[in-house]
Amino acid sequence: MTDTSLSPQGTLVPWGDLRMASSGRLGQALTFADLRLMAKARLPKPIFDYVDGGGESELTLEWNRSAFDELAFRPRTVAAIADRSTATSFFGRGSAAPFGICPMGGLGMLWPKADLINARLAARAGIPFVLASGAGSSIEEVAEAAPDGRRWFQLYVFTDLALNKRLLGRAQTAGFEALVVTTDTQINPKRIRDIRNGFALPMKLTPKNVLEFASRPRWLWNIARDPRSALMGNLVQELGADPSARNAFDFFRANRKRSVGWEDLKPLRDAWRGPMLLKGIVTAEETAKALALGVDGVVVSNHGGRNLDGTLPAIEALPDVVSAAGGRIPVFLDSGIRRGADIAKALALGARAAFIGRPVAFALAASGEAGVEHVLAMFHDEVDRVLGFLGCTRVDQLDPSYVVRR
Ligand SMILES: Cc1cc2nc3c(=O)[nH]c(=O)nc-3n(C[C@H](O)[C@H](O)[C@H](O)COP(=O)(O)O)c2cc1C
């Protein structure tokens, strides 16, 4: 299945009813940095660092940002821009904006029912939401929470092919649209902050952690309302008699496939009826192999700088991947998106849409559902504003001539 062109106006989806908060502390949060500080004040340090941190020296984490900042816009200032739309389309369906929510495991530690909140708000906005295989809520719970949403399922490949197929079958039955196989996490990353904090999943009740938790009573009270949110919802059915958080994480770790080759992806391609994407591709070489496998899209990503430190920033990897894809499949990007302008830069360099990770996680930690609504509306407002400033009325008018490296 391929998707080469934007669909005609008729299939474009208008932005939903999501609005930025206009009052209170959330109303004052106008940037990623504001939301990050709100989350930092609310979360115990080990949990904040788990979300915020990256691999080893956090070089890639930093480059993901600096690389966007090194790109400058070349706007067209005399243009008829009154009638603008942020809508786009991929895989034959409209999306209200050229961004979606990344797969993120462990969000149940930030706010109860985090995945359900994200899925519901993405559906209300009219944008895709990717459910992590290690998420707190299950495939079925997410389908029930957002029946009309564009729901994609992210898979970490497990050793047992039958288990992979069971998960794919459940996602297919529950109406998930696309499969996203993450290719960059077979090795356990070395995250220095997590090691120093003694962070482990599920969180251990060490004396130090108990003190950290007690220092954040608002967070503790909130999380205590639904400790099940920190489970691995998708794996509970695989656990048999004892679906405890510890067992779920042990099962996850014991069953992950630690070496995934192209031959391991073939049966997944054969089993999944619908768009399949690879997430974690940053080279033209692997894009060509992905095309040969018959995937329908790739997500250029370095896992938000959380894995191999020193990997090139996603936005710098994008042009090579776009050129290797040659318009045969859409290319998506995540890692380092912090404002609407970053999304516009990614689109200018050939991405069909971008995915947002930490901004959504911090908004959730800061203020739950209201926070996620706020951050999605903020990104939408910024994309629309930048489009207008650039002299464009539609996202498919962006091309490489709109950016230049400073
Ligand atoms: C807390 C957290 C958990 C994540 N869990 C997963 C996961 O389970 N599967 C996956 O493919 N990527 C996971 N990621 C990576 C994101 O999908 C995405 O690649 C990254 O966050 C994008 O970078 P950004 O946070 O700078 O936007 C996680 C990221 C964060 C911050």
Side-chain angles (χ1 to χ4, degrees), residues 32-33 35-36 39 43 46-55 58 60-68 99-111 114-115 118 128-137 152-158 167 178-186 188-189 191 193-194 199 201 203 230 232-235 248-249 252-253 256 260 277-282 298-308 311 313-315 317-318 332-340 342-343 346 351 353-365 375-376 379:
F32 169 77
L35 289 166
R36 179 177 175 274
L43 294 173
I47 297 182
F48 173 78
D49 279 344
Y50 159 70
V51 178
D52 193 53
E58 303 192 340
T60 296
L61 182 65
E62 195 184 311
W63 293 345
N64 278 343
R65 275 310 319 149
S66 57
F68 273 112
F99 60 85
I101 301 181
C102 285
M104 287 179 279
L107 296 188
M109 290 183 297
L110 312 185
W111 199 276
D115 309 297
N118 286 347
F129 159 78
V130 192
L131 177 70
S133 34
S137 294
W152 297 5
F153 177 64
Q154 177 266 327
L155 183 77
Y156 280 135
V157 181
F158 293 97
L167 289 168
L179 170 68
V180 179
V181 180
T182 300
T183 58
D184 61 7
T185 318
Q186 275 70 261
N188 279 338
R191 298 187 189 142
R193 296 198 221 182
D194 289 356
F199 179 83
L201 288 168
M203 285 295 290
M232 285 199 159
N234 289 320
L235 298 182
F249 284 99
F252 184 73
R253 275 187 284 265
R256 284 280 304 285
V260 177
L277 297 89
L278 297 185
K279 170 177 180 280
I281 300 296
V282 291
V298 290
V299 185
V300 176
S301 167
N302 54 39
H303 218 95
R306 297 167 70 78
N307 286 353
L308 174 64
T311 305
I315 190 69
L318 180 65
F332 301 89
L333 172 142
D334 75 32
S335 298
I337 300 279
R338 298 292 176 262
R339 52 181 74 94
D342 300 332
I343 296 173
F355 283 82
I356 310 167
R358 291 183 186 84
V360 171
F362 286 142
L364 184 76
V375 78
L376 295 180
F379 271 93

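Ligands are counted one by one from 1 in listed order, and the atoms in each one are counted from 1 as well. Everything quoted here is computed from the prediction, not taken from an experiment.
Annotation: side chain of V299 is not in contact with side chain of V130 (no heavy-atom distance under 4.5 Å).
W152 and F332 have perpendicular rings, their planes meeting at more than 60° on a 0 to 90° scale where under 30° would count as parallel.
Protein residues having a heavy atom under 4.0 Å from any atom of ligand 1 are Y50, V51, C102, P103, M104, G105, A132, Q154, Y156, T182, K279, S301, H303, G304, R306, D334, S335, G336, R338, G357, R358, listed by chain and number.
For R339, the salt bridge (charged side-chain N to carboxylate O under 4.0 Å, His left out) criterion is met by D69, not counting sequence neighbours. Residues that satisfy the salt bridge (charged side-chain N to carboxylate O under 4.0 Å, His left out) test with D49, not counting sequence neighbours, are K45, R193. Checked against salt bridge (charged side-chain N to carboxylate O under 4.0 Å, His left out), D194 has no partners two or more places apart in sequence or in another chain.
Side chains of S301 and D334: a donor on one and an acceptor on the other come within 3.5 Å.
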